[in-house]
Every structure is written in structure tokens, then in C-alpha cells.
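What follows is a single structure, written as C-alpha cells, with notes after it.
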Protein chains: 2
Amino acid sequence: MSDKATITIKDVARVAGCGVATASRVLNASGPASAEMTERVRRAAEDLGFSFNAIGRALQSRRSRTVGCLVPSLANPVFGEAMQGVQDQLRAAGYQPLICASNYDEDIDEDMLRTLLAQKVEGLIITMAVPARSAALKVARASGVPVSLMFHDPIDGFASAYVDNAAAAREVARQFIVRGHHRLGFLALHFASSDRSQSRYAGFRDECRVAGLAEPALIEISEREARCPDMIANVLRANPEITGLFASNDFLAIAVQNAAARIGRRVPQDLSVIGFDGIDIGHLLSPSLATIETDAGAMGRQAAHSLLIAMQNGEMHQRPPLPFVFRAGATLAAAPEKKDGDRDAPQSPSVHQASVPTKTRTNS
Amino acid sequence: MSDKATITIKDVARVAGCGVATASRVLNASGPASAEMTERVRRAAEDLGFSFNAIGRALQSRRSRTVGCLVPSLANPVFGEAMQGVQDQLRAAGYQPLICASNYDEDIDEDMLRTLLAQKVEGLIITMAVPARSAALKVARASGVPVSLMFHDPIDGFASAYVDNAAAAREVARQFIVRGHHRLGFLALHFASSDRSQSRYAGFRDECRVAGLAEPALIEISEREARCPDMIANVLRANPEITGLFASNDFLAIAVQNAAARIGRRVPQDLSVIGFDGIDIGHLLSPSLATIETDAGAMGRQAAHSLLIAMQNGEMHQRPPLPFVFRAGATLAAAPEKKDGDRDAPQSPSVHQASVPTKTRTNS
DNA sequence: ACCTCTAGTGGAAACGTTTCCACTAGGATC
DNA sequence: GATCCTAGTGGAAACGTTTCCACTAGAGGT
């Protein structure tokens, strides 16, 4: 049943009774060929079940039609969605993604990048574990291959498909402040290594300052701690004054709710929580999750699109950041009545009323 | 800064003052070389920043060191985790996955498979959108490349890394029955096209039969309907007699809870729900999610491992199915007191007491 | 009748590797 | 001193493709 050997274009040419050059031209529609020859070659290819060997093709043409993609983890659906977007976009252009995950390991990051470059990818789409001072990024630049970043704020002249993390965080802060919260906290995962977390904290803090609030607490926890609700409960216990907590991502926000319940704090009556990413099930939970909704698929598509353009004309342009939306949810409510004599928090001047905005659209 | 041209092993040989054969032997440690020559070649490669071109190498050696992976979607973290497992395993063996998603589209399935084969992947790891009568599977078989399935029950002689869906579903049924439920339902996504859903329903139904219960209701909904809580609410309304609902996956189980709340049914007092997959956040929700816990990463690792073995010695062996665990959760409780004169449901003979087992481990 | 053009064709080189083979130069064995 | 081995080496052939180039033959222009 199966073929004795692999079938090459030479076999096709032989059967069709022509030279390989002609066969190649016919099968690629890349040059002149008589109607009769065309028919014969098509026929032969069909009969033999011929299909091109992408490797031979890539070697000769020096075009692998392949784009390397690197994300920290595929287990995180946010990156999965982004990859889905990347694939859709690339596929339409006749390219194929080579997808790798670094598992948040800086060394694997670099290693994977080298592997991808050895495969002669024509472009790279990268979300790094540790973008700053990343050896991987140096490798990428040295390669001369066009690079699109994803999720990261633009760094070092690399274009990125991202949302403005600082602006989103400011929006989160405003949502808290509007509701009378004045002791806020930011719960960060991978803070030290994540530029995104850092931008978010910066924006969050800035908005607090503008509103004359105290510096928001910066609480870092490790991935391992995040998996352990008791750890998070401890964190909450250690920060009893916080009434509004901004979590690094939606999963963490959910974990916070769980932890709060363990120590008898009610969400949102005692503690309001806002997440980040806008994962789908957020809507369905009770209480529903207040969060910043982003579109990871769109980020993937944009990164791929920019890259494709750059691969054609060599010019990589930074597009404006992608829009995000604040999604209201039941985890966010007015601050509890203060029991202690906290100093009065001046309201931000832009705040007109206490009515709750449902969705705020923005893209800067 | 960047290299004027790409550096090949010829350049290395020239600089080292030797033939390419020698350079190749040194750099691959694949043959004899004098200490001095070794040094010179290493030096030259280092100085030039040489790295192998995987394409040239693959062409000549007819070994791409690459494995094609196809999953229905990367946006689903279950598949993402599996891919992560695959990658870890392959990487350790010097292979690289080429990951594709079919987006649950049968045509893309086949198209992707052809693309992967054109890349001369040395093996395939596949989870199909529609396994039965799948053209993709025929393509895979015809290619002669070793194939590991993932998630699917073994089909057509292909080995698979999977959990025994029917057994898991029987366990789910027992958990309901133990608690006095006797009107059960199975809520399926992609039922017509998913062998997994079908196996689960079969097991679920079988166990109901064994216990002398009525046939469980089979409720199919589309992906689109699943996103719309009102649709699910309608389904619940249309099946008021059901007190125990087995959902196709955890996300769907969460959606069910939400829908139930909308029509005033309490989980678990009025309706018990059990999911499938065992996603991490299930623990953290309130009520916590009762579910069948599976290890997608382990499935990926096993699929990759079996494949690697088959790639070496040509023999693909079906390993026993991977273990699953029933995870108790607050969405599952005793059946509500019956209000109508339902006939008595005989208890399964294996049931000794009403005490709630916390975890049941099994692997068959 | 000559030249020029074009369509159609195939030979062969190249892409970057690995590996087979042939070759040399010593050292060991008889 | 002839023979055999071994380590070390490089030339060259392949892998499957595309594409440059050269060639033919007929058509169309003078």
C-alpha cells in the first residue's frame, strides 16, 4: 500500500517525460508550459501522489516560509489564544508558525531562539520570560531576522503588539477610586521579571498619586505561592487596610476571592478585586469578575501582520497599542464604610459622580 | 554589525584550513580528528559565529528532527498543557515540535497534516477535530510516519495517550448515584464529532443501566450556545427532572452553574454538577467544582514518549490509559428530597454508605 | 530569404549538509 | 624490508528543489 520510496519531482518528470525544470514550472505555475505538457505533468504528479518536499524547497530558495514563535507558556490560555491568532494570520499568507514555549525559563528562551534561527525562520514573534537585559533578545537582533514582540511594551526599538499596561492600570485605579476606595494594592506574579507587571504597577501608582492617595501596596508572590490559597490568605491578612486589590491576572484574582473567603472576608463587601486579561469564564463566575478585558487573539494577529509586512519591505512599524476595555463585575463595589479615622482621601478631579460606568473603552 | 552573508560550514573549513568533511566531523564529534585540527575548527566556528543550518542538515540526512503536532485549539488550556508536555519530552530527545491548531475545522485538520508531512516531520502527535472517518487520519496513515494520538480512545490501530473516558464517566455516574440522584443528564459539546464525548456518554449510560436508573438525558449544545448562558438556562428549564448533570468539560460546568443561578436553581441543593478535565481554578471557585481530574501534560508526555520509541525501533505500543481522579467538590451534593412519586431507584450494590468519598483513584 | 522574437523546453548549478570513499603517513607486526 | 593496520584527512556525491541559461522551432517582420 505505501510507497516503496519517497517520490520526488524527478519521478514526476520521468513519468511525464520531461525535464525537472519543466515539471517544477508546471507544478508551481512559475513559467511557460504548453497545455499538453501541463496536463501530462499534472497527471503524473497526481498518479504518483507527489507532494513537494518543503525542505528541499527551503534550502534552494532560502525561504523557509516559516516564522518562529516563542511564548512563556502554552498552558496559559492567553498565550494560546495569541498563538491561534498568529497562526490564522500567517496561514493566510502562506506561512507556518513554529511554536515554542520557554516555560518562563530564561535559558530555554535563548536556546529556543537559537533553534528557531537554525531552522531559518524568516521572522520571529516573541513574548519573553524576562525581556529586560535578555540574552535572547540580543540573539534575535543579531540574527537580522525581523522581530515582532507580543504583550511587551515596545522595548529597545522592537515593535510590539500590546495593550498599554500603564493606561489600563490607571483605569483600574480610577475604577477603585470612583467607588471611594483609597487603600489599594497590586498583587503581582513574576514582578521582578515582568515588564508588564512593572508597567501596570507604575500606572496604578501614578493614578493613585494623581488622586492624592497613599502609595498602593506592591505585593509580590511566586507562582508556587499563587497556587496555594493559604499563602494568599496570609497576604490578605498582612494587609488588612487594603479594600481594593488589583491582581496581575484573572486567575490570580479568582484565587484572591477564594483566599478572602477562607479568612472570612467577603468580596466585594469587604474587599473589591479587579483582574487582568478578561478570560471568558470571568463572566460566568459568581460573583462575576471585574477585569481589564484584552484580546489576545488580536495581539497575535497584529504581531503576525506587522511581521509579514516587515518581511516584505523590511520596514517594521510600531502600531498603536491595542484597545482594552474595563469590564465591570460583581467583585468590584463601593469601599466599605471606614471604621478607623483614616485621613480623608481627596477625590480625583475627573470624578463627577458615583454612578458606576459599565464599560469604558479606550485605546491609549 | 550584522554579517554580510550567512556563514556556512565551508567558511569554517576555509578559515580553519581544512576540508568541509573534517569541519563537519569536528563540529559533530562524529569522526576522528587530531587535537590540533579540532582546536582550529572550534576556534574558527566560534570566531565566525557559525551555527548549523538545520535545513541543509535535514535535507542531506533525511532527518528533520521534527515532530508534527496537531490539536483542535490552542486557546483551550487543556491542549496547551498537553503541548507543553510534548515539547518537554521531545526537547529532551533533541526533537522539536511543529505545533498546529485546526480550530475544530476538519478541512484545516487535513491541510495542516499535509503541511506537516511536507516538512518531513519524523512523527505525528494528533488530536483531531473529527476522528471518525477522518480524511486526516488516512493521510497520516498513508504517509508511513509513526503516529501517536492524544485524548482520543485508540482508533483504527493507532496508539493513543488518553484517559478511559467511559470508565471516568462511569465513575461520575456512581458518584451521582451514591448520593441518591436518579435522574441524570449529560451535557455535550461537539457530541456528533467527538469520540470522547461519545465514549463518556456510553460509560455514563452503562452505569445508569447497571444501577437500574432511567437512561440519562443526552443534551447536545453547540459551541455558540455554550457561550450564551440563557441558552443553557433554557436547556435546564427544559429538563426540570434532572438533579445531576455531567458536563463535557469544566468550563461548561461553570457555565451551567451560572445558568442555574439565573433561573433560581441552586447548585448543589437543587442541581449537582460534575465537570471534566480538572482545570486548576476549579478548586478555587465557590462552590468548588466537582470534576474528573486528568493530567493533560502527562498525556502529552506519554504521546511523545511512545512516539519517540516508535521512531527508533518502528514499534508503536499502546500503553494503558492514563489515570484519572474524581475530585470531590461543592457542586456535588445529595439529591434533593423527591417531591413527586418517582419510582425508587435501586442503589448500586457496591454502595455501602452515604459517606462521601473524597478522592477515588483509578487507572482503568 | 534573412533576421528577430517568443514560447517551450531541459541541462546543470546551486543551496548547506553529511558521509562514502580514497588517500597519505606513520607505527606495529611479521 | 615488506605488509598491514589505523588515524587523520579531503574530494565529491548525494539529498530535492528552483532557476539561470542555452537551446530549438516556429512565427512574424523586413
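In what follows, chains are A, B, ... by sequence order, proteins preceding strands, each numbered from 1. Just so it is clear, the structure is predicted and the values come from calculations on it, not from any experiment.
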Practice problem: Taking the six-membered ring for Trp and the single ring otherwise, decide whether the centroids of A:His190 and A:Tyr104 are under 6.0 Å apart. | Solution: yes
Exercise. Could you tell me whether the phosphate oxygens of D:dG16, OP1 or OP2, come under 4.0 Å of any side-chain nitrogen or oxygen in A:Thr6?
Key: yes
Quiz item: OP1, OP2 of C:dT18 versus side-chain N and O of B:Arg57: anything below 4.0 Å?
Solution: yes
Practice problem: State whether the number of non-hydrogen atoms from other residues, nucleotides or ligands found under 6.0 Å of A:His152 atom NE2 is greater than 12. | Solution: yes
Practice problem: Rounded off to whole Å, could you give me the CZ-to-P distance for the B:Phe50 and C:dG16 pair? | Solution: 10 Å
Exercise. Among B:Asp11, B:Val41, B:Leu27, find the one that has a side chain to side chain contact (heavy atoms under 4.5 Å, CB included) with B:Phe50.
Key: B:Leu27
Quiz item: Under 4.0 Å between a side-chain N or O of B:Ser34 and OP1 or OP2 of D:dT9?
Solution: yes
Exercise. Measure from the side chain of B:Cys18, starting at C-beta and using heavy atoms only, and say which of D:dT18, C:dT17, D:dG10 lies closest.
Key: D:dG10
Quiz item: Whole Å only: how far is the CZ atom of B:Arg25 from the C1' atom of D:dG8?
Solution: 7 Å
Practice problem: Taking atom CD of B:Gln312 as the centre, report whether more than 12 heavy atoms of other residues, nucleotides or ligands fall under 6.0 Å from it. | Solution: no
Quiz item: Rounded to whole angstrom units, what separation is found between the NZ atom of B:Lys120 and the C1' atom of D:dT17?
Solution: 12 Å
Quiz item: So which one's nearest nucleotide on DNA chain D is more toward 5', B:Met37 or A:Asn28?
Solution: B:Met37
Practice problem: For A:Asn53 and D:dG16, give me the distance from atom CG to atom C1', rounded to whole Å. | Solution: 6 Å
Quiz item: How many Å lie between CG on B:Leu59 and C1' on D:dG16, as a whole number?
Solution: 6 Å
Quiz item: A:Val67 pairs by side chain to side chain contact (heavy atoms under 4.5 Å, CB included) with which of A:Val121, A:Ile125, A:Leu116?
Solution: A:Ile125
Quiz item: More 5' along DNA chain C: A:Thr38 or B:Ser51, using each one's nearest nucleotide?
Solution: A:Thr38
Quiz item: To the nearest angstrom, how far is A:Leu27 atom CG from D:dG16 atom P?
Solution: 16 Å
Exercise. Using whole Å, report how far CZ of A:Arg63 lies from P of D:dT19.
Key: 10 Å
Quiz item: What nucleotide among D:dT17, C:dT9, D:dG11 has an atom nearest to a side-chain atom of A:Thr22?
Solution: C:dT9
Quiz item: Out of C:dA7, D:dT18, C:dT17, which nucleotide sits closest to the side chain of B:Phe52?
Solution: C:dT17
Quiz item: For A:Ala21, which contact category applies under a 4.0 Å heavy-atom criterion: base, sugar-phosphate, or nothing?
Solution: base
Practice problem: Give a yes or no on whether a donor-acceptor pair under 3.5 Å exists between the nucleobase atoms of D:dG16, that is its base, and the side chain of B:Arg62. | Solution: no
Quiz item: Which part of the nucleic acid, if any, lies within reach of A:Gly56 when heavy atoms closer than 4.0 Å are counted: base, sugar-phosphate only, or nothing?
Solution: base
Quiz prompt | Rounded distance (Å) that lies between atom C1' of D:dG16 and atom CD of B:Gln60 | solution = 12 Å
